[in-house]
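Heads up: the structure comes next, in structure tokens.
Bear in mind the structure is a predicted one, so any value in this text is a computation, not a measurement.
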Amino acid sequence: MGGGVAIATIVLLYAIIEHGRTLRAERALHVLPKTARAVLRINPSALANSESALALFDWLVPAERLSEIEARCGLDPLAALSDVTVWVGGPEGESFQSVGLLLQGRTVDSETLAECYRTLVEARGSAIDRVATSTGPLLRSRDGRSALAQVDEHTVVTGSTDTVAEFMAVGRGAVAPLFEEARFRDIWSRMAIGAAIAGAFVAPPRWQSAFERIGAVSDQASALAGVEGLGFTTEAEIPTAITVVLDVKDSDIARRDVALMEVWMESPPDTIEPYWVDIARSAQIEVDGALITLTLDVSGLPKRP
């Protein structure tokens with residue numbers, strides 16, 4: 001009887017932990033606007049446990065930007081923040097018009113983050129005004145390049161004035177959240193739970209043709225035909241790997257893409273750097289219906305030039 005209770009307790013604790021991880025991962029989709037097309041989430045405290053995450057972080061975040069924040073604001077972003085979320089979005093036809101940044105402090109509060117923002121704006125020769133808007137008060141740079149709002153005691157959002165206002169409108173229920181986008185939600189749920197770095201992108205129609213050009217094997221065939229969305233995450237079980245998921249239009253196209261990927265790897269374009277070719281050739285590929293999953297070894301990825 002005692003053993004059964006112990007096992008039941010362990011199972012219950014595991015379920016609670018996993019549910020909490022899922023809720024934290026899904027939170028981004030509930031607070032970001034439905035117009036978002038790409039989302040990148042970084043968990044700074046988990047970076048040290050993943051070689052692949054550190055390699056990706058080096059490519060995704062300019063080291064000089066981190067150094068500037070540390071020098072001017074007196075804080076180490078990786079130590080000070082518990083969550084960093086970047087999203088890119090915009091209305092149909094202008095899908096990449098706006099970029100937003102959501103920062104949650106771990107050792108700092110939103111007042112400290114807002115003061116850091118003021119310091120960085122003044123360092124570029126501008127100044128800050130406090131502005132009352134229909135979505136709440138915000139700080140706006142006089143050069144018109146950016147704005148910032150305090151979301152709660154530990155969280156701030158920054159971007160253009162329109163981007164910040166749209167984010168705040170989601171919180172008031174005036175703008176639909178990204179969670180309502182089923183395709184994005186499906187990709188994100190596969191990528192974000194427990195990841196040090198995770199990203200998802202749902203391609204507008206004109207970007208689907210861009211994917212096909214990148215994966216072109218010939219004038220008539222592409223290894224990325226029919227890709228409508230993608231996601232990536234650091235592999236918790238394989239610290240040197242990342243997982244990439246391609247959401248393809250249908251299962252027949254997905255199977256053709258997988259066959260063409262092998263052709264592409266045998267003779268990649270001359271414009272692709274050799275280390276990216278090596279990473280592509282390390283891929284373990286699986287196809288499940290219209291989903292293609294690639295596990296890539298990024299241990300050979302060099303520091304960004």
Approximate separation, where rounding is to 0.5 Å, of [X] [atom1] and [Y] [atom2]:
| X | Y | atom1 | atom2 | answer |
| --- | --- | --- | --- | --- |
| Leu40 | Thr85 | CG | OG1 | 8.0 Å |
| Glu286 | Thr243 | CD | OG1 | 9.0 Å |
| Leu148 | Ser141 | CG | OG | 10.5 Å |
| Thr233 | Ile187 | OG1 | CD1 | 13.0 Å |
| Ile128 | Asp143 | CD1 | CG | 8.0 Å |
| Ser82 | Leu103 | OG | CG | 9.5 Å |

Taking [X] for the side chain and [Y] for the main chain, is one N or O donor matched with an acceptor at less than 3.5 Å?
| X | Y | answer |
| --- | --- | --- |
| Arg106 | Ala79 | yes |
| Ser98 | Gly89 | yes |
| Ser267 | Val263 | no |
| Thr240 | Val298 | no |
| Ser110 | Thr155 | no |
| Arg41 | Ala198 | no |

Beyond-backbone contact of [X] with [Y], side-chain heavy atoms, under 4.5 angstrom:
| X | Y | answer |
| --- | --- | --- |
| Glu166 | Val157 | no |
| Ile42 | Val61 | yes |
| Phe201 | Val88 | no |
| Thr293 | Arg190 | no |
| Glu181 | Val202 | no |
| Val175 | Phe167 | no |
| Leu102 | Val151 | yes |
| Leu291 | Val245 | yes |

Among Lys249, Arg255, Arg256, find the one that has a salt bridge (Lys or Arg N to Asp or Glu O under 4.0 Å) with Asp252.
Arg255

Applying salt bridge (Lys or Arg N to Asp or Glu O under 4.0 Å) between Asp129 and each of Arg142, Arg140, Arg118, report the one that passes.
Arg142

Starting from the C-alpha separation in whole Å, work towards a yes-or-no answer on side chain to side chain contact (heavy atoms under 4.5 Å, CB included) for Leu81 and Leu113.
CA-CA 10 Å; Leu81 300 173; Leu113 294 173; 4.0 Å; yes

Identify the two heavy atoms, one from [X] and one from [Y], that lie closest to each other, and give their separation to 0.1 Å.
| X | Y | value |
| --- | --- | --- |
| Tyr117 | Ser146 | OH-OG, 2.8 Å |
| Ala225 | Ile253 | O-CG2, 3.2 Å |
| Ile69 | Pro77 | CG2-CG, 3.7 Å |
| Gln150 | Met168 | O-CE, 4.4 Å |
| Ala36 | Leu178 | O-CD1, 3.7 Å |
| Leu54 | Ala48 | CD1-CA, 4.4 Å |

Using 30° and 60° as the class limits, which term best fits the ring planes of His30 and Phe179: parallel, tilted or perpendicular?
parallel

Determine, stepwise, if the pair Phe232 / Leu296 fulfils side chain to side chain contact (heavy atoms under 4.5 Å, CB included).
CA-CA 10 Å; Phe232 67 88; Leu296 305 169; over 6 Å; no

Derivation of the ring-ring contact (aromatic ring centres under 6.0 Å, His included) call for Trp188 and Trp87:
CA-CA 13 Å; Trp188 189 253; Trp87 79 96; over 10 Å; no

Is there a side chain to side chain contact (heavy atoms under 4.5 Å, CB included) between Leu294 and Met261? Walk through the geometry before answering.
CA-CA 11 Å; Leu294 303 95; Met261 285 178 189; 4.0 Å; yes

Is it true that, when you exclude [X] itself, more than 12 heavy atoms of the residues, nucleotides or ligands shown sit nearer than 6.0 Å to its [atom1]?
| X | atom1 | result |
| --- | --- | --- |
| Asp152 | CG | yes |
| Arg124 | CZ | yes |
| Arg185 | CZ | yes |

Val170 and Leu101: same hydrophobic cluster, using ILVMFWY side-chain contacts below 4.5 Å?
no

For Leu47 and Leu78: C-alpha separation, side-chain torsions, deciding distance, then whether side chain to side chain contact (heavy atoms under 4.5 Å, CB included) applies.
CA-CA 9 Å; Leu47 288 176; Leu78 293 183; 3.8 Å; yes

Test Ser299 against Asp297 for side-chain hydrogen bond (donor to acceptor under 3.5 Å, both in side chains), laying out the working first.
CA-CA 6 Å; Ser299 58; Asp297 183 350; 2.7 Å; yes

